[in-house]
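Note that the numbering runs from 1 along the sequence shown for the chain. Bear in mind that the values here come from a model prediction, so they are computed numbers and not experimental data.
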Amino acid sequence: MKSADMIAKIDELIKGPVYHIDIFPCTVHPKHDNRCVEVEKFFQHNRKEIDKKFVNILLKLYCYYDFCVSAWVSKHEVFENPDLDRLISLIEHCFEGEWEARDYINIVLPECNSMIILNGDDLYMGVYHPNESLKNLILELAQSEGLFFHKISADG
């Protein structure tokens with residue numbers, strides 16, 4: 001897939017229904033005493049275990065689906081079914097650097113017209129426009145890693 005085609009596909013899929021693979025079972029709404037921010041900071045500064053869970057889920061998904069990967073680190077070069085070392089490198093690059101300054105990758109799954117976005121600043125992965133088969137598989141994988149999979153409502 002060419003870079004321009006990948007960008008067009010990302011723009012299309014980002015409008016679809018959105019789900020999260022998340023450390024929380026549903027969206028957390030801020031409390032008046034700011035404890036949610038403090039908890040997020042804790043997890044952001046102690047996230048090796050969370051990062052490993054995200055890597056595990058993506059690698060397992062890669063066994064089932066083709067990946068077209070676009071990453072900032074590669075200046076949006078598109079990698080179609082990259083070799084395992086390249087894929088791990090692209091994923092792990094998202095976790096490097098200071099929190100709130102990390103990179104992200106877009107992974108398009110052409111077989112099911114879906115996309116996963118991993119942003120190193122977030123404590124979740126976004127799943128865009130998943131079909132039923134993908135949702136079922138991700139639910140099982142997320143649960144096996146002690147994570148949650150839930151739909152994001154239009155109002156957040």
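For H129 (side chain) and N113 (main-chain N/O), a donor-acceptor pair under 3.5 Å exists by modelled atom type. A donor-acceptor pair under 3.5 Å is absent between the side-chain atoms of N34 and the main chain of V37, judged by distance alone. The main-chain N or O of A142 is never found under 3.5 Å from a side-chain atom of S144 such that the two would form a donor-acceptor pair. A donor-acceptor distance shorter than 3.5 angstrom exists from the side chain of N131 to the backbone of S133, with no hydrogens or angles considered.
In this structure, L118 and F95 have side chains that are in contact, with non-hydrogen atoms separated by less than 4.5 Å. A heavy-atom distance below 4.5 Å is not found between the side chains of V127 and V18. Looking at heavy atoms from C-beta onward, L61 lies in side-chain contact with I116 at the 4.5 angstrom threshold. Between I105 and I91, the closest side-chain pair of non-hydrogen atoms falls below 4.5 Å. Here the side chains of L109 and D66 are not in contact, with every heavy-atom distance at 4.5 Å or above. A 4.5 Å side-chain heavy-atom check between R47 and F54 finds at least one atom pair inside the cut-off. The side-chain heavy atoms of S70 and E77, taken from C-beta on, include no pair separated by under 4.5 Å. Looking only at side-chain heavy atoms (C-beta outward), M115 and I14 come within less than 4.5 Å of each other.
Nearest heavy-atom pair, P110 versus C68, reported as atom, atom and distance to 0.1 Å: CG-SG, 3.9 Å. Shown here for P30 and C36, the closest heavy-atom pair between the two residues is CA-SG, 3.9 Å. Shortest non-hydrogen contact noted between P82 and F67 is CD-O, 4.1 Å. Shown here for L147 and K53, the closest heavy-atom pair between the two residues is CD1-CB, 3.8 Å. Nearest heavy-atom pair across N81 and Y62 is C-OH, 2.9 Å.
Between the CG atom of D11 and the CE atom of M6 there is a distance of 11.0 Å, given to the nearest 0.5 Å. For the atom pair CE (M125) and CG (N119), the distance works out to 12.0 Å, reported to the nearest 0.5 Å. Of the inter-residue distances, the one linking I117 atom CD1 with C94 atom SG reads 11.0 Å to the nearest 0.5 angstrom. Residue E96 holds its CD atom at 8.5 Å from CG of D103, rounded to the nearest 0.5 Å.
Hydrophobic clustering places Y64 together with L59 (ILVMFWY residues linked when any side-chain heavy atoms are closer than 4.5 Å, directly or through intermediates). F79 and L87 fall within a single hydrophobic cluster, where Ile, Leu, Val, Met, Phe, Trp and Tyr are joined by side-chain heavy atoms under 4.5 Å apart, directly or via other members. When the side chains of ILVMFWY residues are joined at heavy-atom separations under 4.5 Å, either directly or via intervening members, F148 and I50 end up in two distinct hydrophobic clusters. Hydrophobic clustering of Ile, Leu, Val, Met, Phe, Trp and Tyr side chains at less than 4.5 Å, counting indirect connections, unites L123 with V55. Grouping the Ile, Leu, Val, Met, Phe, Trp and Tyr side chains by contacts below 4.5 angstrom, directly or via other members, places V108 with Y128.
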Checklist entry - After noting the C-alpha distance and the side-chain angles of H150 and I152, does the key distance pass the side chain to side chain contact (heavy atoms under 4.5 Å, CB included) rule? => result CA-CA 6 Å; H150 58 90; I152 300 301; 3.5 Å; yes

Next on the checklist: Please determine whether side chain to side chain contact (heavy atoms under 4.5 Å, CB included) holds for the pair E40 and V28, giving the CA-CA distance in whole Å, both sets of side-chain angles, and the decisive distance to 0.1 Å.
Outcome noted: CA-CA 10 Å; E40 181 177 7; V28 176; over 6 Å; no

Next on the checklist: One pair to check against side chain to side chain contact (heavy atoms under 4.5 Å, CB included): F43 and I23. What are the steps and the verdict?
Outcome noted: CA-CA 10 Å; F43 281 120; I23 64 170; 3.7 Å; yes

Next on the checklist: Under the criterion salt bridge (Lys or Arg N to Asp or Glu O under 4.0 Å), I'd like the reasoning laid out for D33 against R35: C-alpha separation, chi angles, the key distance, then a yes or no.
Outcome noted: CA-CA 6 Å; D33 61 1; R35 72 184 107 148; 3.0 Å; yes

Next on the checklist: salt bridge (Lys or Arg N to Asp or Glu O under 4.0 Å) for K9 and E12? Distances and angles first, verdict last.
Outcome noted: CA-CA 5 Å; K9 181 53 85 175; E12 170 194 329; 3.4 Å; yes

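Residues E145 and K60 are paired through a salt bridge, judged by an N-O separation under 4.0 Å between the basic side chain and the carboxylate. Using a 4.0 Å cut-off between charged side-chain N and carboxylate O, E132 and K135 make a salt bridge.
Within the 6.0 Å centre-distance limit, the rings of Y19 and F149 are counted as a close aromatic pair.
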